Number of protein chains: 2
Amino acid sequence: MTLASLPRHQGGADGLARLLGQALLAGYWHPGETFPRERDLCEHFEVSRNQVRSALATLVALGLIERTAGRGSLVCEIGEWHLLDPLVSAWMADIEAPDPQLLREIFAFRYSAEPAVARLAARAAEAEDLERLEAAYQGMQRTAGRPEESAQHAEHDVAFHEAVYRASHNLVWRQMGHLLKPSIVALIQRSQAPLQPQRDGLGDSLARHGRLLEAIRHRDADAAEAAATDVLRRTAVDLGIVADAEAGSAWRR
Amino acid sequence: MTLASLPRHQGGADGLARLLGQALLAGYWHPGETFPRERDLCEHFEVSRNQVRSALATLVALGLIERTAGRGSLVCEIGEWHLLDPLVSAWMADIEAPDPQLLREIFAFRYSAEPAVARLAARAAEAEDLERLEAAYQGMQRTAGRPEESAQHAEHDVAFHEAVYRASHNLVWRQMGHLLKPSIVALIQRSQAPLQPQRDGLGDSLARHGRLLEAIRHRDADAAEAAATDVLRRTAVDLGIVADAEAGSAWRR
DNA sequence: CGAGGTCAAATGTCTGACATTTGTGGCGGC
DNA sequence: GCCGCCACAAATGTCAGACATTTGACCTCG
């Protein structure tokens, strides 16, 4: 793929890295393909070689491309990408069409991980954690059911789940909160009607979030784990990550 | 802290980044302190400004330091560090004395996460995954009980757990396998007698790994989850992450 | 047909200068 | 004496040009 269809102007070397990184995440180039040469990038974006090299160094650090003297730059396999890096997550969060396979992977991770995180949160949450959860939950309440405010609703949704990760009071889990934004935002964009009336028996999303909040508030680890599973199950079923039948049996034991 | 006590020669800009990064991870400078200036680094290591700037750019990308024109470089808070980046993990893996608090955080994460990973592995493992697990397990068997081969034993230990993460067939979990190396290697270095005879009733480590392998082989998710908890529990008790009493009750439900 | 050499192409590195941002100290006015 | 403004120094950011090194391909010669 040539770079003819990429926009020109953006701010500085970081902006260039972001532009190229998002193009890579969106599948503009495929793994194994050769990435444009430094000189071509300089000409196309009308920037100095320094900026190009700085941007490419960022992409290398994120495992998106691989460079060797004399050969050029190659796009790495998706398995090499540093999905856990905050930069990658932030870039992925505002792409219109991220790789659906990638989204499934991220959500499958969340579906297996967040119950355990909720357990930890129920045991470790402190007053300020509960305040953050409460604030995010109220934000979700205010913006619920209004399609024109779905963007804000997603923001509060992200904040809620991030607060859960943070309440675990574990550095590693907390950093993984970065993965939430791309997952939640992209999923809402995918489903044009994010707040469709629940045609299944799983109850509405807001109430499930509320039950998770209450479980953490009461330091009930078992209830928190179950509530976290409930929050994610509907989407997991939609994405085919877990079969409808086992959503309530084998998975939860 | 000055940089007078850091060694001089290492290979290239990557080597310099590694040296400085490991110094940061080891607590050579504390969060909030100002990092040495470019010019001083050039002089001390006798390298060009390009290499210094390249190395510092890496440290910025990893969230270890923060730079602003006119002010200099500051060491970031530990919470900002990108612990999930493979580079950081690799650096941390061969530091003689990593921050013990950091190790506790990483192990606490593993203790809460690996049971869920083992569940996924039991459901998703394929033939090649079982081969990898088997090979690592046999390697652990060969090197067990021989203090002179504790390094190789640790390598096989890492390979075993990495194979479990990989067997989950989830991109995100698989990438988190990077965290295993620093965790396992550092813990073995800490306990001078890694293979001391089991004075508690938890059984020996090798047998517990074997039970995890068998559970995955038989696609028994419940047994795999329990076995993974068993593998980690002894160390978790030693580190004070979980109380001895609740190791078998509340945590496993 | 194969081994080796030569060349072009691409990335890596160096150097020196200049631009920009930031903090600080001095200077003057009120 | 206090406050605001200005100028300067210090640090990082940026640029441009040249040169070094690695790689792959082509070409030649035995």
Side-chain angles (χ1 to χ4, degrees), chain A residues 1-4 6 8-21 23-24 29 31-76 80 87, chain B residues 1-4 6 8-21 23-24 29 31-76 80 87:
Chain A
M1 178 74 73
T2 74
L3 48 81
L6 284 180
R8 293 282 158 81
H9 292 300
Q10 71 294 326
D14 289 352
L16 181 56
R18 175 193 172 97
L19 181 69
L20 295 175
L24 283 165
W29 292 278
E33 272 187 81
T34 69
F35 200 75
R37 303 168 299 184
E38 290 183 355
R39 191 177 148 247
D40 293 342
L41 293 169
C42 291
E43 288 181 4
H44 180 77
F45 295 107
E46 296 173 355
V47 295
S48 75
R49 195 170 161 225
N50 268 352
Q51 296 202 27
V52 169
R53 283 187 60 76
S54 168
L56 293 181
T58 302
L59 300 184
V60 169
L62 297 177
L64 295 174
I65 65 173
E66 181 186 13
R67 312 187 72 198
T68 24
R71 196 169 53 189
S73 310
L74 292 181
V75 179
C76 292
E80 304 293 317
L87 255 189
Chain B
M1 180 71 74
T2 74
L3 48 81
L6 283 179
R8 294 282 158 81
H9 292 299
Q10 71 295 325
D14 289 352
L16 181 56
R18 175 193 171 99
L19 181 70
L20 296 174
L24 282 165
W29 292 279
E33 272 187 81
T34 69
F35 200 75
R37 302 168 300 184
E38 289 184 355
R39 193 178 146 246
D40 293 340
L41 293 169
C42 291
E43 288 181 3
H44 180 77
F45 295 106
E46 296 172 353
V47 294
S48 75
R49 198 172 158 222
N50 265 353
Q51 296 202 26
V52 168
R53 282 186 62 76
S54 167
L56 292 181
T58 301
L59 300 183
V60 170
L62 297 177
L64 295 174
I65 65 174
E66 182 186 11
R67 311 187 73 196
T68 24
R71 196 170 52 190
S73 310
L74 292 181
V75 179
C76 292
E80 304 292 318
L87 255 189

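Keep in mind the model is a prediction, meaning the values are calculated, not measured. Below, chain A is the first sequence line, B the second, and so on; all start at residue 1. These numbers come from the heavy atoms of this one structure, side chains and all, not from hydrogens, waters or symmetry mates.
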Engineer: Tell me the salt bridge (Lys or Arg N to Asp or Glu O under 4.0 Å) pairs involving residues 47-73 of chain B, sequence neighbours left out?
Structural biologist: B:Glu38-B:Arg49, B:Glu38-B:Arg53, B:Glu38-B:Arg67

Engineer: Locate the shortest heavy-atom distance separating A:Ser54 from A:Ala13; write the atom from each residue and the value.
Structural biologist: OG-CB, 3.8 Å

Engineer: Nearest whole Å is fine: how far is C:dT21 C1' from B:Glu38 CD?
Structural biologist: 14 Å

Engineer: Would you please confirm or rule out a distance under 4.0 Å between OP1 or OP2 of C:dA10 and any side-chain N or O of A:Arg71?
Structural biologist: no

Engineer: Any non-hydrogen side-chain atom of B:Phe35 less than 4.5 Å from a side-chain atom of B:Leu64?
Structural biologist: no

Engineer: Between B:Arg67 and D:dG13, is there a contact of a side-chain N or O with OP1 or OP2 at under 4.0 Å?
Structural biologist: yes

Engineer: Using the test salt bridge (Lys or Arg N to Asp or Glu O under 4.0 Å), find all partners of A:Glu80 that sit at least two apart in sequence or belong to another chain.
Structural biologist: none

Engineer: Between A:Glu46 (CD) and D:dC15 (C1'), how many Å, whole number?
Structural biologist: 16 Å

Engineer: The side chain of A:Arg37 lies closest to which of these nucleotides: D:dT22, C:dA9, D:dT12?
Structural biologist: C:dA9

Engineer: When you compare the side chain of B:Gln51 with that of B:Ser48, does any pair of heavy atoms fall below 4.5 Å?
Structural biologist: yes

Engineer: Closest nucleotide of DNA chain D for B:Arg39 versus for A:Val47: which of these residues is on the 5' side?
Structural biologist: B:Arg39

Engineer: With a 4.0 Å limit, can you tell me whether A:Ser73 has a side-chain N or O closer than that to the phosphate oxygens OP1/OP2 of C:dT11?
Structural biologist: yes

Engineer: Which ones in residues 48-66 of chain A lie close to DNA chain C, meaning a heavy atom under 4.0 Å from one of its atoms?
Structural biologist: A:Arg49, A:Arg53

Engineer: Taking all non-hydrogen atoms of both residues into account, name the closest pair between B:Ile65 and B:Cys76 and its distance.
Structural biologist: C-SG, 3.5 Å

Engineer: Mind calculating the distance between CG (A:Leu74) and P (C:dT11) to the nearest angstrom?
Structural biologist: 10 Å

Engineer: Let me know the distance between CG of A:Leu41 and P of C:dA10, rounded to the nearest Å.
Structural biologist: 12 Å

Engineer: If I take atom CD in residue A:Glu43 and atom P in nucleotide D:dA16, what distance separates them, rounded to the nearest angstrom?
Structural biologist: 13 Å

